[in-house]
Trainee: 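What follows is a structure written as structure tokens; I'll ask about it next.
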Amino acid sequence: MNKIEIIGRLTADPQLKVINGDVQVCTFTVAVNRRFNREETDFFPVTVWRETAINCNKFLAKGNLVGICGSLQIRKYDDKDGIKRIAVDLQADEVDFLTPKSENDSTDKSTENKTPSVSELKEVEDDDMPF
């Protein structure tokens, strides 16, 4: 089984690209503090595809806290000088946006729903309840 879950912060704004004319791919890096040694940080390059890629590009920004669930992809290749290299990438299946909207300046305000205050809520009689 190849499954990884991380929680961390974006190190830069996400980058959205379109490949093969119609497939969206979004890439970003997530910084994750080590569990027992908070002074050490790991940096995970993350790749997200299609609709999730569009949402990540639209709603995430540098410094946002995210939860990522996916799998590690390890690629071996020879660089231009013939030196063998290894690249590790987290292919995200799920991305949870953990930064509250109130803290996120990059939130698309046109799609933001207004939460009503307590005084705006309408009282419901027990007889009106469906159960």
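Residue numbers run from 1 in the order of the sequence given. Just so you know, these numbers come straight off a predicted model, no measurement behind them. Keep in mind that the numbers below use all heavy atoms, side chains included, and drop hydrogens, waters and symmetry copies.
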Trainee: Kindly give the heavy-atom pair with the smallest separation between Asn2 and Ser71, and that separation in Å.
Mentor: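 Answer, listing the atom of Asn2 first, then Ser71: O-CB, 3.3 Å.
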
Trainee: Between Gln91 and Asp89, is there a side-chain donor-acceptor contact under 3.5 Å, judged purely by atom types and distance?
Mentor: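 The answer is yes; a qualifying pair exists.
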
Trainee: Please report the closest heavy-atom contact between Val32 and Gly8, naming both atoms and the distance.
Mentor: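 Closest approach of Val32 to Gly8, heavy atoms only: CG2-CA, 4.2 Å.
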
Trainee: Tracing side-chain links under 4.5 Å among I, L, V, M, F, W and Y, which residues wind up in one group with Val23?
Mentor: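 Besides Val23, the cluster holds Ile19, Val25, Trp49.
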
Trainee: Is a donor on one side and an acceptor on the other found under 3.5 Å between the side chain of Asn20 and the backbone of Asp22?
Mentor: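 A pair under 3.5 Å: no.
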
Trainee: Is Leu72 atom CG crowded by more than 12 heavy atoms from other residues, nucleotides or ligands, each under 6.0 Å away?
Mentor: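 Above 12, so yes.
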
Trainee: Taking a hydrophobic cluster as the set of Ile, Leu, Val, Met, Phe, Trp and Tyr residues connected by side-chain heavy atoms closer than 4.5 Å, whether directly or through intermediates, do Val88 and Tyr77 fall within one such cluster?
Mentor: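 Val88 and Tyr77: separate clusters.
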
Trainee: If I compare all heavy atoms of Ala61 with all of Asn64, which pair ends up nearest, and what's the gap?
Mentor: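 Minimum heavy-atom contact is N-OD1, 2.7 Å.
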
Trainee: Working to the nearest 0.5 Å, report the span between SG of Cys26 and CG of Leu60.
Mentor: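 Nearest 0.5 Å value for the SG-CG distance: 7.5 Å.
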
Trainee: Salt bridge (Lys or Arg N to Asp or Glu O under 4.0 Å) between Asp13 and Lys62: does it pass, once the steps are laid out?
Mentor: CA-CA 5 Å; Asp13 289 341; Lys62 178 180 180 178; over 6 Å; no

Trainee: Once rounded to the nearest 0.5 Å, what's the spacing between atom NZ of Lys84 and atom NZ of Lys76?
Mentor: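 Atom-to-atom, Lys84:NZ and Lys76:NZ are 9.0 Å apart.
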
Trainee: Distance from Phe43 atom CZ to Thr11 atom OG1, nearest 0.5 Å?
Mentor: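 One finds 7.0 Å between CZ of Phe43 and OG1 of Thr11.
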
Trainee: Given the rule that I, L, V, M, F, W and Y join up when any side-chain heavy atoms are under 4.5 Å apart, are Phe28 and Val18 in one cluster?
Mentor: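 Looking at the clustering, Val18 is in a separate group from Phe28.
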
Trainee: So, for Ala92 and Val46, which heavy atoms are closest and what is the spacing to 0.1 Å?
Mentor: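 Reported closest heavy-atom pair: CB-CG1, 3.9 Å.
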
Trainee: With rounding to the nearest 0.5 angstrom, report the CZ to CD1 distance, Arg9 to Ile7.
Mentor: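 Here the interatomic distance stands at 11.0 Å.
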
Trainee: Pick out which of Val66, Leu10, Thr27, Val48 makes a side-chain contact (heavy atoms from CB on, under 4.5 Å) with Cys56.
Mentor: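 Testing each of Val66, Leu10, Thr27, Val48 against Cys56, the sole residue satisfying side-chain contact (heavy atoms from CB on, under 4.5 Å) is Val48.
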
Trainee: Quick one: closest heavy-atom pair of Leu98 and Gly67, and the distance?
Mentor: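 Closest approach of Leu98 to Gly67, heavy atoms only: CD1-N, 3.5 Å.
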
Trainee: For Glu40, give me all partners under side-chain contact (heavy atoms from CB on, under 4.5 Å), at least two apart in sequence or on another chain.
Mentor: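 side-chain contact (heavy atoms from CB on, under 4.5 Å) list for Glu40, sorted by chain: Arg34, Asn37.
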
Trainee: Look up atom CG in Leu90 and atom CD in Gln73, then write down how far apart they are to the nearest 0.5 Å.
Mentor: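 Spacing of CG (Leu90) from CD (Gln73) equals 10.0 Å.
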
Trainee: Any chance you could measure Thr99, atom OG1, to Phe59, atom CZ, to the nearest 0.5 Å?
Mentor: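 Result: 13.5 Å between the selected atoms.
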
Trainee: Should Phe97 and Ile6 be counted in the same cluster of Ile, Leu, Val, Met, Phe, Trp and Tyr side chains packed under 4.5 Å apart?
Mentor: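 Linked within one cluster.
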
